[in-house]
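The structure appears below as structure tokens.
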Amino acid sequence: MHKILSVIPGFPAGFFSLLLALQLWSCSSSSHKQELNAFPFQEYTIAQIQQDLAEGHYTSEILVQHYMKRIGEIDQVEGGLHSILMVNPDALDIAKTLDNERRQGSIRGPLHGIPVVLKDNIDTHDRMPTTAGSRALQHSFPLHDSFVAARLRDAGAIILGKANLSEWANFRGEPSSSGWSGVGGQTHNPYDLTKNPCGSSSGSAVAVSANLTVVAIGTETNGSIVCPSHANGIVGIKPTVGLVSRSGIIPISFTQDTPGPMARTVKDAALALGAMVGVDSADAKTWNSEKYAYTDYTAFLNPEGLKGKHIGRWTSIRGINTEVDSLMDAAYAYMESHGAVVVPVDYITDSAVNALSFKVMLYEFKDGLNRYLQSLPDTAPIRSLQALIEFNRKDSVELKFYDQVYLEMAQQMGSLEDEDYKAAVKRLTELTQTQGIDRVMDSLRLDAIAAPTGAPAWTTDWIKGDYFTLSSSSPAAQAGYPNITVPAGYVGDLP
């Protein structure tokens with residue numbers, strides 16, 4: 001389960017069978033095993049836990065106690081992983097309530113009594129603040145649950161805590177170190193504490209990988225779910241933009257943002273996704289999603305799912321890392337041996353889309369962040385992007401290693417009514433969808449495009465910042481299309 005494959009499909013539902021088949025391969029082909037601390041629920045799946053709970057082997061309360069103990073032992077200690085910003089002080093009480101419901105014969109669904117960690121840019125209306133990793137929001141308590149948090153609670157999930165992240169989801173300045181925030185410091189990769197966990201959903205990925213939770217929720221604008229998932233050897237799903245609501249999530253881009261599940265198996269990620277979807281009146285992107293959404297994506301899990309599928313092999317990304325190339329050669333060979341037809345794909349989108357995407361993000365970040373900050377209680381420490389910039393200039397930690405050039409650039413942008421913005425969004429959509437992924441998929445009759453998500457984790461460096469050598473996330477991110485990563489191998493001891 002430690003091999004990586006990134007898939008960019010046109011629609012999410014039909015590809016879980018393909019992904020399951022690939023994960024079954026990765027399980028059988030991986031010879032690496034982690035040396036693990038004594039922990040009774042190591043690598044447990046949702047199905048295993050639900051069976052044990054049903055048979056009365058333990059309760060959700062006991063389950064939460066064990067996860068909290070493990071967090072205290074290997075995460076929230078000096079020299080620990082630092083993936084969890086805060087453990088929910090109400091987690092045990094929530095678990096007791098759900099245990100009582102179970103005893104009375106009421107099971108809300110597959111997530112009933114299952115611990116879930118949320119990236120700390122996702123609002124929860126409880127005793128945990130939502131900070132985006134910023135010291136400016138260290139004492140910010142939203143007035144409402146985010147749509148995603150409410151859906152997870154309704155499904156019976158136990159929100160175990162909030163995960164550290166690259167501050168402001170890594171849209172602040174240059175250089176930056178993924179997994180660092182002013183509130184939580186640096187999150188570390190559990191495979192090697194000197195290595196970077198990638199981001200921005202760094203803590204979410206590490207928490208899953210290190211067995212600090214069963215499932216975590218991340219958010220992505222471009223690579224922020226799939227990159228930390230691959231760097232920490234787990235499954236990450238970045239859904240189609242609009243399949244899952246963004247209301248109550250600190251934004252970057254209305255065009256590209258989406259939350260998504262992160263788990264150790266395709267099935268667990270599919271179960272979590274089914275609990276998250278839904279039309280939200282507060283998020284216009286979800287209004288057309290009803291006909292595409294499923295509450296049970298496990299219906300599409302099929303070990304024979306590769307048969308007859310046409311898979312694009314993204315060739316232009318080859319040659320950057322020979323060891324990753326070798327792993328991908330094995331992955332493509334596996335697909336072909338199980339009935340897939342692998343088709344070379346060279347060109348997907350023009351590099352000019354990067355500048356367009358960045359311009360759109362600057363416009364949308366200013367508008368979205370100001371709207372979010374103004375939705376907070378009157379007692380909130382900051383209420384605007386300009387106030388955030390001023391706070392950072394005065395703070396002793398926020399600008400110690402990194403600048404805030406993206407915040408300052410966004411502050412200079414106009415409104416979403418500007419013709420410059422509207423033209424940029426229109427052109428971005430054309431280049432990434434109709435002239436990009438749609439063109440490739442249609443002309444070659446593809447079911448998916450496959451590529452390595454990235455290279456192994458780099459050494460964390462607060463002075464030089466991140467060191468990306470290989471990434472395949474941009475085409476799907478900029479088009480608003482889904483992107484899924486599953487484990488596909490090791491380079492040395494790193495996923």
Side-chain angles (χ1 to χ4, degrees), residues 1-8 22-23 25-26 29-32 34 166 170 174-180 186-202 204-206 208-209 218 220-236 238 262 312-334 345-346 348-349 351 354 449-478 483-495:
M1 283 177 54
H2 299 283
K3 298 198 171 187
I4 296 145
L5 181 80
S6 186
V7 181
I8 307 173
L22 290 170
Q23 186 166 52
W25 160 71
S26 71
S29 64
S30 176
S31 60
H32 285 68
Q34 290 174 284
S166 309
N170 220 8
E174 297 176 339
S176 69
S177 175
S178 290
W180 183 92
Q186 181 67 52
T187 301
H188 302 290
N189 192 309
Y191 284 85
D192 180 340
L193 297 182
T194 69
K195 302 300 182 184
N196 196 271
C198 200
S200 64
S201 305
S202 312
S204 298
V206 170
V208 170
S209 180
E220 174 161 332
T221 306
N222 187 339
S224 289
I225 288 175
V226 295
C227 185
S229 293
H230 101 77
N232 295 280
I234 65 169
V235 175
K238 191 224 81 158
M262 304 166 77
R313 177 175 184 161
W314 193 2
T315 58
S316 62
I317 207 168
R318 187 176 174 82
I320 299 171
N321 186 305
T322 56
E323 293 173 295
V324 172
D325 290 343
S326 295
L327 293 174
M328 287 306 299
D329 289 343
Y332 291 122
Y334 176 85
V345 172
D346 181 26
I348 299 178
T349 55
S351 59
N354 293 330
I449 300 170
T453 310
W458 57 90
T459 301
T460 296
D461 188 331
W462 291 350
I463 304 303
K464 296 179 180 179
D466 289 335
Y467 182 63
F468 292 100
T469 58
L470 171 60
S471 174
S472 63
S473 65
S474 288
Q478 293 162 345
N483 192 358
I484 304 174
T485 184
V486 300
Y490 284 97
V491 173
D493 292 324
L494 294 172

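All values below come from the heavy atoms of this structure, side chains included, with hydrogens, waters and symmetry mates left out. Nothing here was measured: the structure is a model prediction, and the numbers come from that model.
- A heavy-atom distance below 4.5 Å is not found between the side chains of Asp192 and Asp493.
- Closest heavy-atom contact between Val206 and Pro197: CG2-CB, 3.7 Å.
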Evaluation steps, side-chain contact (heavy atoms from CB on, under 4.5 Å), between Ile225 and Met262: CA-CA 8 Å; Ile225 288 175; Met262 304 166 77; 4.0 Å; yes

Intermediate values then yes/no, salt bridge (charged side-chain N to carboxylate O under 4.0 Å, His left out), Asp329 and Arg313: CA-CA 10 Å; Asp329 289 343; Arg313 177 175 184 161; 2.4 Å; yes

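- Side-chain contact annotation: Thr485 with Thr453, donor-acceptor N/O pair under 3.5 Å present.
- Under the 4.5 Å side-chain criterion, counting only non-hydrogen atoms from C-beta, Gln186 is in contact with Ser177.
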Residues Asn170, Ser224; criterion side-chain contact (heavy atoms from CB on, under 4.5 Å); working and verdict: CA-CA 9 Å; Asn170 220 8; Ser224 289; 5.5 Å; no

Verdict with supporting geometry, Ser166 and Ser200, side chain to side chain donor-acceptor pair (under 3.5 Å): CA-CA 5 Å; Ser166 309; Ser200 64; 5.1 Å; no

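- Note that the CE atom of Met328 and the OG1 atom of Thr315 stand 12.0 Å from one another [nearest 0.5 Å].
- Side-chain atoms of Ser209 do not come within 3.5 Å of backbone N or O of Ala205 as any donor-acceptor pair.
- Distance alone, capped at 3.5 Å, places no donor-acceptor pair between the Tyr332 side chain and the Leu327 backbone.
- Side-chain N or O atoms of Asn222 include none that pairs as donor or acceptor with a backbone N or O of Gln478 at under 3.5 Å.
- Residues Pro228 and Gly199 share a closest heavy-atom pair of CD-O, 3.5 Å.
- A donor-acceptor pair under 3.5 Å is absent between the side-chain atoms of Asp461 and the main chain of Asp466, judged by distance alone.
- Pro475 approaches Ile348 most closely through the heavy-atom pair CB-CG2, 4.0 Å.
- Looking at Ser178 and Trp180, their side chains never bring a donor and an acceptor atom within 3.5 Å of each other.
- Under 3.5 Å, the side chains of Thr459 and Lys195 contain a donor-acceptor pair of N or O atoms.
- Considering every non-hydrogen atom in both Cys198 and Trp458, the closest pair reads SG-CH2, 3.9 Å.
- We find the CG-CG distance between Leu470 and Asn321 to be 7.0 Å, quoted to the nearest 0.5 Å.
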CA sep, side-chain torsions, deciding dist, call: Trp314, Ser316, side chain to side chain donor-acceptor pair (under 3.5 Å): CA-CA 6 Å; Trp314 193 2; Ser316 62; 2.8 Å; yes

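- More than 12 heavy atoms of other shown residues, nucleotides or ligands fall within 6.0 angstrom of atom CZ in Phe468.
- Side-chain atoms of Ser201 and Glu220 form no donor-acceptor pair, as typed in the model, at a separation below 3.5 Å.
- Checked by atom type and distance alone, the side chain of Ser472 pairs as donor or acceptor with a backbone atom of Pro452 at under 3.5 Å.
- For the pair Asn232/Pro190, a side-chain contact is recorded, criterion being any heavy-atom separation below 4.5 Å from C-beta on.
- Of the residues listed (Asn189, Thr460, Thr187), the one engaging Asn196 in a side chain to side chain donor-acceptor pair (under 3.5 Å) is Thr460, and it is the only one.
- At distances below 3.5 Å, at least one donor-acceptor pair connects side-chain atoms of Asp325 with backbone N or O atoms of Gly319.
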